[in-house]
Undergrad: 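Supplied in structure tokens, the structure appears directly below.
Numbering of ligands and ligand atoms starts at 1, following listing order.
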Amino acid sequence: MWMGVTLSCGFVPAWCLAFHKRMRCRWKSTLCRWRMVATFLTPTFVVFFFTLLSQQPSDIQLSREKRETLRKPILPTNYTKNPYNISHPYDINFEELLIMKDSGQEIPLTPLNAHPFKYILNPSNVCNDPPPKNGSLFVLILIKSAPDNFHLRQTLRMSMEKNPIEQDYVRIVFLMGTSKKEHNKNVLIENALYGDIVQQNFVDSYKNLTIKTVMGYNWAVQHCSNATHILYKDDDFHFNVKNLLKFLTNHDHPQSMLVGYRVDKAPVMRHPASPHFVRKEDYINKTYPPYLAGGAYVVSMDVAKRFVVAFPFVKYIAVDDSYLGIVAMKLNILPQMNSDLFSFKDCKDLDSKVIACRGYTSHKEVFSAWKMYVKRVLSKFYI
Ligand SMILES: *[C@@H]1O[C@H](CO)[C@@H](O)[C@H](O)[C@H]1NC(C)=O
Ligand SMILES: *[C@@H]1O[C@H](CO)[C@@H](O)[C@H](O)[C@H]1NC(C)=O
Ligand SMILES: *[C@@H]1O[C@H](CO)[C@@H](O)[C@H](O)[C@H]1NC(C)=O
Ligand SMILES: *[C@@H]1O[C@H](CO)[C@@H](O)[C@H](O)[C@H]1NC(C)=O
Ligand SMILES: *[C@@H]1O[C@H](CO)[C@@H](O)[C@H](O)[C@H]1NC(C)=O
Ligand SMILES: *[C@@H]1O[C@H](CO)[C@@H](O)[C@H](O)[C@H]1NC(C)=O
């Protein structure tokens, strides 16, 4: 009975007052005063508590409407016909190319980029075993790594192991080329333990990043096409899966996106000493079309599939993120800017809303920051 009284008190104050009166309990008495205040406030807390609880699962569960649209591709934007008037081979209509590919026709063009590399390591079961949950978000995290960055990979693996719920919705894969003999041996051992490394037989170097990026897309489309999204990132970026899933769940058209930290009108580096040096013969324009900074961004599977069709016919340049900007332009896709969620300055917001960020320069700093972050997350979930 007291339960009923307590609950109804907050909702029907007049009835509640009458009840207290009947129980000869008056405001003048201290005990009664406390009891009245308590019975008034309890329902508020109950409602508040249930609201909190009921909001938790919505992080991952999608509405039926969203589920149905998830795999229906639309173009994220309409950025009609090369507004930058940038010439880059091939200068053809790539939308027609996509249509030809969809209808199973041969594409009557010679590929401009050879990709003759073979897989050394190919964990082709990562996305099917265990199978993803049907009709929900499923994110593949592709991480550009280098053979000797074992410590960075460990911190990222560690953070995933501690989030068992999110493992249902997320898979991690590291992308690598080859390196010196002793490093390669270690990579083989590491892969035997974790089975999460995709490696092809090109030399792992900064100038070969475009090859690595293309390898990642090709692998994802071939072996992980069940993923609805890809978080593409460098191995020195931290990420927050919970925030990522929340962002995708609340997105208006989750099935079609290319979003990250957008760079507009970036100048092309013409000095041979620059790490981003590109010759005029390889790219003629003075500026790049809008592109997403390569440190971390999210791309939906339908956009990734378009990229994979276009790659052989858009001439490679060595700067991988600018290259993707050119490919996006060819496909008439304008990358979307979200500087709140993709931070290139500091990681202090990682708990609140940020999806990925870089804030540390030395490997040691990255490692200790990750340990602290994981500890904080754990204390929230399990204590
Ligand atoms: C793109 O623009 C064309 C005409 O400008 C319009 O018909 C089409 O619906 C637009 N597509 C999207 C996805 O907004
Ligand atoms: C695009 O650039 C070419 C030269 O590269 C020029 O001939 C052409 O007029 C330009 N078109 C527009 C619409 O600016
Ligand atoms: C290079 O891009 C700019 C816009 O960023 C455009 O005005 C110019 O015509 C382009 N030049 C060439 C040679 O395509
Ligand atoms: C997934 O759901 C679709 C319909 O929503 C159904 O046709 C399909 O059989 C399901 N697949 C599995 C593996 O449960
Ligand atoms: C890129 O990889 C290819 C294939 O292994 C290699 O021949 C080339 O030297 C590499 N380029 C650089 C700059 O390391
Ligand atoms: C995932 O995709 C693979 C092919 O890439 C397919 O064989 C498998 O049935 C798919 N699984 C689900 C659950 O859709």
Undergrad: Carefully, step by step, assess H229 and F247 under the rule side chain to side chain contact (heavy atoms under 4.5 Å, CB included).
TA: CA-CA 12 Å; H229 297 84; F247 168 71; over 6 Å; no
Undergrad: Name the orientation class of the two ring planes belonging to F117 and H115 (parallel below 30°, tilted from 30 to 60°, perpendicular beyond 60°).
TA: perpendicular
Undergrad: Can you list everything that forms a side chain to side chain contact (heavy atoms under 4.5 Å, CB included) with K133? Sequence neighbours excluded, please.
TA: S136, D168, Y169
Undergrad: Please name all residues satisfying salt bridge (Lys or Arg N to Asp or Glu O under 4.0 Å) with D340, sequence neighbours left out, ordered by chain then number.
TA: none
Undergrad: Parallel under 30°, tilted from 30 to 60°, perpendicular over 60°: which one fits the rings of H223 and W219?
TA: tilted
Undergrad: Side chain to side chain contact (heavy atoms under 4.5 Å, CB included) with P111: which residues, sequence neighbours excluded?
TA: P312, F313
Undergrad: Using a threshold of 4.0 angstrom between heavy atoms of the protein and any atom of ligand 5, which residues qualify?
TA: F117, N201, F202, V203, S205, K207, N208
